[in-house]
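Beneath this line is the structure, given in structure tokens, with notes to follow.
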Amino acid sequence: MPPIADRVTSLPPYLFSIFQQKKRELEAKGVDVIDLGIGAPDLPTPSFIIDRLAAEVQKPENHLYSSYNGCREFRQAVADFYKKTYQVELDPEAEVLALIGSKEGIAHMAMTVLNPGDTALIPDPGYPVYRSAVHLAGGKPAYLPLDADNGYQPAFHKVAEDTWDAATMMFLNYPGNPTAATVDDSTFDQAISLARKHKLALLHDAAYSAVTFGGYQAPSILQSDGAKEVAVEFGSLSKSFNMTGWRIGYAVGNKELIKGLSIVKSNTDTSQFLPVQKAGATALRSDFSAVKRNVAIYEKRMTIMLDALRSLGIEVSKPRGTFFIWAPVPSGFTSASFAEKVLEEAGVIITPGIAFGPSGDDYFRVSLSVDTKRLQEAAARMKVWNSKES
Ligand SMILES: *Cc1c(COP(=O)(O)O)cnc(C)c1O
């Protein structure tokens, strides 16, 4: 066996791949599995974005290396988007960086900030990449509890004083995966004052910033006073424009953090393929009507699934964003035993909340990544399961 570093072998097993293995086994037996575990849109990328890619891919000058920070057109489009949407001014040279998807930026930012043994605050429950990024960078993850009784706002007061002292970075994520929680700007104001007090890098993952409904507009952390002193916001075109496979996102905010991240990246990758960046610029310069059409589809699916869960006795109030439902597991189950039962007896994949942190063990996540007919089918099958139980 060739040697593999401890930092890799000590990573927890990726729960999602275990479920995918079970899915293949059931499908091989002829079971029609409905997968509500995939955290990605099922809808196609809007054609105006594909058209721009197709035109740019023909041009030989676009086959060369991009500049390390991303091409000027993309960075300018990000800056213009922030000005138009959030009234935030960004210098495209120093405060904007193109990413090969925001996940890449999150992982490299942990390497940028953390010295070995440094503490990083990560939300519980939260997107699993924060924890693994901190671990791979040699840091120590510490949980920032989210308050289930208060709309999953960060419970900053529950973090011990010596943890604040040891911490050098903190991740936040609103609208949130897996909780679908949203915040108003006062939460960001509070986070910034804590980051300044404790000298932390504050990293806000805004992957779902445009996936909102009911008139709610998610704030940018950069709208809060003093944000540029401590904060970087990660953005992604994956979820808003159905571009998960394209790998295009951005980091914006504090100059020193952006510069540090660009140093790590210039020693690791050489930015994204230029036609992808240019197509991404076209997406960000659009009127976002394609995003609004998508979001309307998610909102309709959300209503259908919330009604279906309610009829099973599972009550969840309607979120203001994302395409996730974060729901309590029925009593007598852990999140894993419930997810396993639903897969084996209903052929439906849901994600056990434990995958997102210890506080998730009483919950499961439904991803609205299938059409309404399949969602109704999934809910009906879960009903069968439910009546068998009671
Ligand atoms: C999907 C997702 C990302 C990663 O998005 P990419 O830009 O495709 O890398 C980051 N954060 C959260 C919370 C996500 O759900």
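Just follow the structure's listing: the first ligand is 1, and inside any ligand the first atom is 1.
In terms of heavy atoms, E299 sits closest to K318 at OE2-NZ, 2.6 Å. Residues L261 and G105 share a closest heavy-atom pair of CD1-O, 3.9 Å.
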For each nitrogen or oxygen atom of ligand 1, which protein N/O atoms lie closer than 3.5 Å, and how far apart are they, rounded to 0.1 Å?
{"from": "ligand 1", "atom 1": "5 (O)", "to": "S102", "atom 2": "OG", "distance (Å)": "3.3"}
{"from": "ligand 1", "atom 1": "7 (O)", "to": "S102", "atom 2": "N", "distance (Å)": "2.7"}
{"from": "ligand 1", "atom 1": "7 (O)", "to": "S102", "atom 2": "OG", "distance (Å)": "2.9"}
{"from": "ligand 1", "atom 1": "7 (O)", "to": "S236", "atom 2": "OG", "distance (Å)": "2.6"}
{"from": "ligand 1", "atom 1": "7 (O)", "to": "S238", "atom 2": "OG", "distance (Å)": "3.4"}
{"from": "ligand 1", "atom 1": "8 (O)", "to": "S238", "atom 2": "OG", "distance (Å)": "2.6"}
{"from": "ligand 1", "atom 1": "8 (O)", "to": "R247", "atom 2": "NH1", "distance (Å)": "2.7"}
{"from": "ligand 1", "atom 1": "9 (O)", "to": "S102", "atom 2": "N", "distance (Å)": "3.1"}
{"from": "ligand 1", "atom 1": "9 (O)", "to": "K103", "atom 2": "N", "distance (Å)": "2.9"}
{"from": "ligand 1", "atom 1": "9 (O)", "to": "R247", "atom 2": "NH2", "distance (Å)": "2.8"}
{"from": "ligand 1", "atom 1": "11 (N)", "to": "D205", "atom 2": "OD1", "distance (Å)": "3.4"}
{"from": "ligand 1", "atom 1": "11 (N)", "to": "D205", "atom 2": "OD2", "distance (Å)": "2.6"}
{"from": "ligand 1", "atom 1": "15 (O)", "to": "N177", "atom 2": "ND2", "distance (Å)": "2.9"}
{"from": "ligand 1", "atom 1": "15 (O)", "to": "Y208", "atom 2": "OH", "distance (Å)": "2.7"}
{"from": "ligand 1", "atom 1": "15 (O)", "to": "K239", "atom 2": "NZ", "distance (Å)": "3.1"}

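Using cut-offs of 30° and 60° on the angle between ring planes, the pair Y82 and Y250 is perpendicular. Classification of the Y208-F324 ring pair by plane angle, with boundaries at 30° and 60°, yields perpendicular. Y152 and W326 have perpendicular rings, their planes meeting at more than 60° on a 0 to 90° scale where under 30° would count as parallel.
Salt bridge status for D42 with R374: absent, with no side-chain N to carboxylate O gap under 4.0 Å.
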